[in-house]
Amino acid sequence: MNSSKTKGMLASVALTAMAVVSQPAAASEGLTCAPGETYIMNVMVSGHPYWVPVYQGFKQAAAAFGCETVFSGTPDYDITKQIASFEQDLVKSPAGILLHPMQSDPFIEPINRAIDNGTEIVTFAADSPNSKRTAYITSDNLAEAKFAAEEIVRQVGDSAEYAVLENPGQSNHDLRVTALISYMEEHYPGMTLVGRQATNQDSNAAYKAAASILLANPNVAAMWIPEAGSAEGAVAAKLEAKSDMLIMHADVTPATLEHIKAGNIHMSLNPNQGVQGFMGFMAVHLANRSEVFDPFNDWKVSGYNPVQIPFMDNGFAVITKENAESFDLNVYMDGRDPS
């Protein structure tokens, strides 16, 4: 993803927001929230820093329409607990929920029931595609995997050993891994996959997995990881082994950002989190205000919500040693309300 595409997307989002907010009151009142109208963002592992810029974008969009927001979810990596938190959110009768479902299928029934009872649901970063959710906002995981594969080959050559860590069951993470492996098999058959272990976003498990892979395959040249938590453990194993294995991962945490600055991690492919949250709010709010427009289709006789966005790409940024300072979460949050 080049910077021009990212800038173009951000400019488009900004112009859209400005156009809506600048409309005369009579034209925009259909999108203005009633007093107390609330939208919720629900996630798993709620203390993860990834959600912070997403929620900031969500809040900024909500503020433009006078809407209130709540951050919700579970601190645990536990599908049962996340569904329980989602059910608790529904008791509050929110206008809509922007949801990051830990797993897709277990959320089908809760999402469908929520929508049937009048609460609109949009998914982000991970999806439940067989549910009635009206929109899915994410970065293009196939594009991320292709970029990662091409960068690995550019750095280590097209006849080298590589490994992956993975987080089975979360749709975006699965796609980031399987797509990279498929791309290597199709375009660079000389690249050999020598390690593939599930670490489930657990840095300790990732440390052990990476150490095991390095011990069994001392010539492994690169490792691709679909999220940042496992990258924290993998880089610790790399440094302990005094290996020059190239590490690339998706997402970013303060810890992996420091390793990028130090040159211990080659780069991160980070979804544009603020855009993800901003457009996530826009999608769920418009789904809740679908009466403001009449599209040229059969929604009236078919009985479905006319606001359907099967996939919206929020883009991704490439974080390197050179631009890492732009992704300092403490700097971004300075003076902002985290609640």
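What you see below is based on every heavy atom in this structure, not just the backbone, and it leaves out hydrogens, waters and symmetry mates.
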Any chance you could lay out the side chain to side chain donor-acceptor pair (under 3.5 Å) test for Asp127 and Thr123, step after step, and finish with the verdict?
CA-CA 6 Å; Asp127 194 17; Thr123 56; 2.8 Å; yes

Stepwise side chain to side chain contact (heavy atoms under 4.5 Å, CB included) check, Thr134 with Tyr304:
CA-CA 9 Å; Thr134 58; Tyr304 66 87; over 6 Å; no

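- For His100, the ring-ring contact (aromatic ring centres under 6.0 Å, His included) partners at least two apart in sequence or on another chain are Trp51, Phe124.
- Every pair passing disulfide bond (SG atoms under 2.5 Å apart) that includes a residue from residues 53-105 is listed here, sequence neighbours excluded: Cys33-Cys67.
- Under a hydrophobic-cluster definition in which Ile, Leu, Val, Met, Phe, Trp and Tyr are linked whenever side-chain heavy atoms come within less than 4.5 Å, directly or via other members, Phe58 and Ile309 are assigned to the same cluster.
- Taking the side chain as every heavy atom from C-beta outward, Thr320 and Asn323 approach each other to under 4.5 Å.
- Using modelled atom types, no side-chain atom of Ser72 and backbone atom of Asn42 make a donor-acceptor pair closer than 3.5 Å.
- Going from atom OG of Ser326 over to atom CG of Leu257 covers 9.5 Å, rounded to the nearest 0.5 Å.
- Counting heavy atoms from C-beta on, the side chains of Thr192 and Ser159 never come closer than 4.5 Å.
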What do the steps show when you test Glu227 against Tyr50 for side chain to side chain donor-acceptor pair (under 3.5 Å), and what is the final call?
CA-CA 10 Å; Glu227 36 77 28; Tyr50 179 89; over 6 Å; no

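- Apart from Tyr136 itself, the hydrophobic cluster it occupies contains Phe311, where clustering links Ile, Leu, Val, Met, Phe, Trp and Tyr at side-chain heavy-atom distances under 4.5 Å.
- For residues 317-339, no residue pair satisfies the ring-ring contact (aromatic ring centres under 6.0 Å, His included) rule, not counting sequence neighbours.
- For the atom pair NZ (Lys146) and CE (Met184), the distance works out to 13.0 Å, reported to the nearest 0.5 Å.
- Considering only heavy atoms from C-beta on, Ile260 comes within 4.5 Å of Ser268 through its side chain.
- For the pair Pro53/Leu329, a side-chain contact is recorded, criterion being any heavy-atom separation below 4.5 Å from C-beta on.
- Of the charged side-chain nitrogens involved, at least one lies within less than 4.0 Å of a carboxylate oxygen, so that Glu325 and Lys261 count as a salt-bridged pair.
- Taking the side chain as every heavy atom from C-beta outward, Glu185 and Leu193 never approach each other to under 4.5 Å.
- The backbone N or O of Arg176 sits less than 3.5 Å from a side-chain atom of Trp224, completing a donor-acceptor pair.
- When all heavy atoms are compared, the tightest approach of Pro226 to Val177 is CG-CG2, 3.8 Å.
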Hey, mind stepping through Gln56 and Met333 against side chain to side chain contact (heavy atoms under 4.5 Å, CB included) and telling me if it holds?
CA-CA 9 Å; Gln56 288 296 313; Met333 289 301 295; 3.5 Å; yes

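- Two residues are said to be in side-chain contact when any heavy atoms from C-beta on lie closer than 4.5 Å; Ile247 and His266 fail this criterion.
- The disulfide bond (SG atoms under 2.5 Å apart) analysis of residues 261-329, with sequence neighbours excluded, yields no pairs.
- Between Gly280 and Ile137, the closest heavy-atom pair is CA-CG1, 3.9 Å.
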Determine, stepwise, if the pair Ser104 / Asn130 fulfils side chain to side chain donor-acceptor pair (under 3.5 Å).
CA-CA 8 Å; Ser104 59; Asn130 294 321; over 6 Å; no

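- For the atom pair Met245 CE and Asn219 CG, the distance stands at 12.5 Å (nearest 0.5 Å).
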Show your reasoning for whether side chain to side chain donor-acceptor pair (under 3.5 Å) applies to Gln170 and Asn172.
CA-CA 6 Å; Gln170 186 169 317; Asn172 58 329; 3.0 Å; yes

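- In this structure, Met248 and Ile152 have side chains that are in contact, with non-hydrogen atoms separated by less than 4.5 Å.
- Asn270 places no side-chain N or O within 3.5 Å of a backbone atom of Ala317 that could act as its donor or acceptor partner.
- Of all heavy-atom pairs between Thr32 and Arg289, the closest is O-NH2, 3.1 Å.
- Within 6.0 Å of the CG atom in Asp244, the count of heavy atoms belonging to other residues, nucleotides or ligands does not exceed 12.
- Here the CD1-CD distance, from Ile265 to Glu258, works out to 10.5 Å after rounding to the nearest 0.5 Å.
- When all heavy atoms are compared, the tightest approach of Leu98 to Gly277 is CD2-O, 4.4 Å.
- Side chain of Asn217 to main chain of Val220: no donor-acceptor pair is present (N/O by atom type, distance under 3.5 Å, no hydrogens or angles).
- In this structure, CG on Leu246 lies 7.5 Å from CD on Glu151, to the nearest 0.5 angstrom.
- Using a distance-only test at 3.5 Å, with no hydrogens or angles considered, no donor-acceptor pair links the side chain of Asn272 to the main chain of Val275.
- Legend: ring-ring contact (aromatic ring centres under 6.0 Å, His included) pairs involving residues 164-186, not counting sequence neighbours, sorted by first then second residue: Tyr183-His187.
- Looking at Thr74, its side chain does come within 3.5 Å of a backbone N or O of Asp76 through a donor-acceptor pair.
- Annotation: disulfide bond (SG atoms under 2.5 Å apart) contacts involving residues 175-218, sequence neighbours excluded, are absent.
- At distances below 3.5 Å, at least one donor-acceptor pair connects side-chain atoms of Asn305 with backbone N or O atoms of Val307.
- For Ala234 against Ala210, the heavy-atom pair with the smallest separation is CA-CB, 3.8 Å.
- For residues 274-339, the set of pairs meeting the disulfide bond (SG atoms under 2.5 Å apart) definition, not counting sequence neighbours, is empty.
- Among residues two or more places apart in sequence or in another chain, the ring-ring contact (aromatic ring centres under 6.0 Å, His included) test is passed with His285 by Tyr39, Phe65, Phe281.
- In this structure, the separation between CD1 on Ile213 and CZ on Arg196 is 11.5 Å, given to the nearest 0.5 Å.
- At least one side-chain heavy atom of Gln60 sits under 4.5 Å from a side-chain heavy atom of Arg336.
- Panel note: side chain Ser182, backbone Ala179; no donor-acceptor pair is recorded below 3.5 Å.
- Under the 3.5 Å distance criterion, the side-chain polar atoms of Lys238 are matched with a main-chain donor or acceptor of Asn264.
- Annotation for Thr80 and Asp78: closest pair N-OD1, 2.9 Å, computed over non-hydrogen atoms.
- With sequence neighbours left out, Phe71 forms a ring-ring contact (aromatic ring centres under 6.0 Å, His included) with Tyr55.
- Applying the side chain to side chain donor-acceptor pair (under 3.5 Å) rule to Asn141 yields the partners Glu144; only residues at least two apart in sequence or on another chain are considered.
- A salt bridge between Glu68 and Lys92 is absent, with no side-chain N of the basic residue lying under 4.0 Å from a carboxylate O of the acidic one.
- Other residues sharing a hydrophobic cluster with Val70 under the 4.5 Å side-chain heavy-atom criterion for ILVMFWY residues are Ile40, Met44, Val45, Tyr77, Ile79, Ile83, Phe86, Leu90, Ile97, Leu99, Met102, Phe107, Ile111, Ile115, Ile121.
- Within the 3.5 Å criterion, the main-chain N or O of Gly169 finds a donor-acceptor partner in the side chain of Asp174.
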